[in-house]
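Below is one structure, written out as structure tokens; comments come after it.
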Amino acid sequence: MKNIISTDKAPAAIGPYSQAVEVNGMVFTSGVIPVNPPTGEIPKGIEAQARQAIGNLITLLGEAGVTPENVIKTTVFIKNMDDFAKINAIYSEFFTKDCPARSCVEVARLPKDVLIEIEAIGIK
């Protein structure tokens with residue numbers, strides 16, 4: 001049985017999908033972008049966007065009962081692979097112990113023309 005996870009503390013879905021879904025103690029998030037949930041604003045620059053997107057992801061996972069230590073896989077989509085080191089530094093602020101497996105891919109375009117999007121799989 002699946003449980004839909006929804007919170008106004010993370011960016012709302014901008015299409016026909018759920019923010020996250022829990023199945024048998026595993027939580028699968030949709031891609032999370034760097035939108036400030038209360039204001040709808042997108043910060044400028046890759047560092048600010050990375051911090052906002054990853055923070056939004058951690059908040060969404062927390063609403064589902066998942067801590068950063070219980071994230072088992074992330075996928076990071078970035079606009080420019082030259083930003084990898086900057087993103088990695090910010091990523092390491094959130095995932096400090098028993099880091100998840102991760103993929104990072106450069107993409108041509110992301111929703112709202114943001115510079116980063118991130119998704120995760122976690123366990124409760």
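In this text the structure is predicted, and so the values were computed from the model without any measurement.
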With side chains defined as the heavy atoms from C-beta onward, is the minimum distance between [X] and [Y] less than 4.5 Å?
{"X": "R102", "Y": "Y91", "result": "yes"}
{"X": "V66", "Y": "K124", "result": "yes"}
{"X": "V107", "Y": "V105", "result": "yes"}
{"X": "L60", "Y": "T7", "result": "yes"}
{"X": "I14", "Y": "P111", "result": "yes"}
{"X": "D113", "Y": "L110", "result": "no"}
{"X": "L61", "Y": "V27", "result": "yes"}
{"X": "E117", "Y": "V32", "result": "no"}

Q: Apply side-chain contact (heavy atoms from CB on, under 4.5 Å) to the pair E41 and V35, showing each step before the final yes or no.
A: CA-CA 6 Å; E41 294 178 7; V35 172; over 6 Å; no
How many angstroms lie between atom [atom1] of [X] and atom [atom2] of [Y], to the nearest 0.5 angstrom?
{"X": "I116", "Y": "L57", "atom1": "CD1", "atom2": "CG", "answer": "10.0 Å"}
{"X": "D83", "Y": "C104", "atom1": "CG", "atom2": "SG", "answer": "9.5 Å"}
{"X": "I90", "Y": "Q49", "atom1": "CD1", "atom2": "CD", "answer": "10.5 Å"}
{"X": "K97", "Y": "F95", "atom1": "NZ", "atom2": "CZ", "answer": "15.0 Å"}
{"X": "D98", "Y": "T67", "atom1": "CG", "atom2": "OG1", "answer": "10.0 Å"}
{"X": "L115", "Y": "N80", "atom1": "CG", "atom2": "CG", "answer": "8.5 Å"}

Could you check whether any side-chain N or O of [X] sits under 3.5 Å from a backbone N or O of [Y], counting only pairs where one atom can act as donor and the other as acceptor?
{"X": "N36", "Y": "Q52", "answer": "no"}
{"X": "N56", "Y": "I33", "answer": "yes"}
{"X": "Q19", "Y": "P11", "answer": "yes"}
{"X": "T96", "Y": "E93", "answer": "no"}
{"X": "T29", "Y": "A20", "answer": "no"}

Q: Apply side chain to side chain contact (heavy atoms under 4.5 Å, CB included) to T75 and list each qualifying residue two or more places apart in sequence or on a separate chain.
A: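 K73, F77, S103, E119.
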Q | Residues K9 and E63 bridged, charged N to O under 4.0 Å | A | yes
Q | Pairing of K79 and E106 as salt bridge, 4.0 angstrom limit | A | no
Taking all non-hydrogen atoms of both residues into account, name the closest pair between [X] and [Y] and its distance.
{"X": "P34", "Y": "P43", "value": "O-CD, 3.1 Å"}
{"X": "V71", "Y": "A120", "value": "CG1-CB, 4.0 Å"}
{"X": "S18", "Y": "S30", "value": "O-OG, 2.5 Å"}

(Q) Assess the residue pair I46 and I87 against the criterion (side-chain contact (heavy atoms from CB on, under 4.5 Å)); give the C-alpha distance rounded to whole Å, side-chain angles, the decisive distance to 0.1 Å, and a yes or no. (A) CA-CA 7 Å; I46 190 57; I87 293 165; 3.7 Å; yes
Q) Do I58 and F28 share a hydrophobic cluster, counting only Ile, Leu, Val, Met, Phe, Trp and Tyr and linking them when any side-chain heavy atoms are less than 4.5 Å apart? A) no
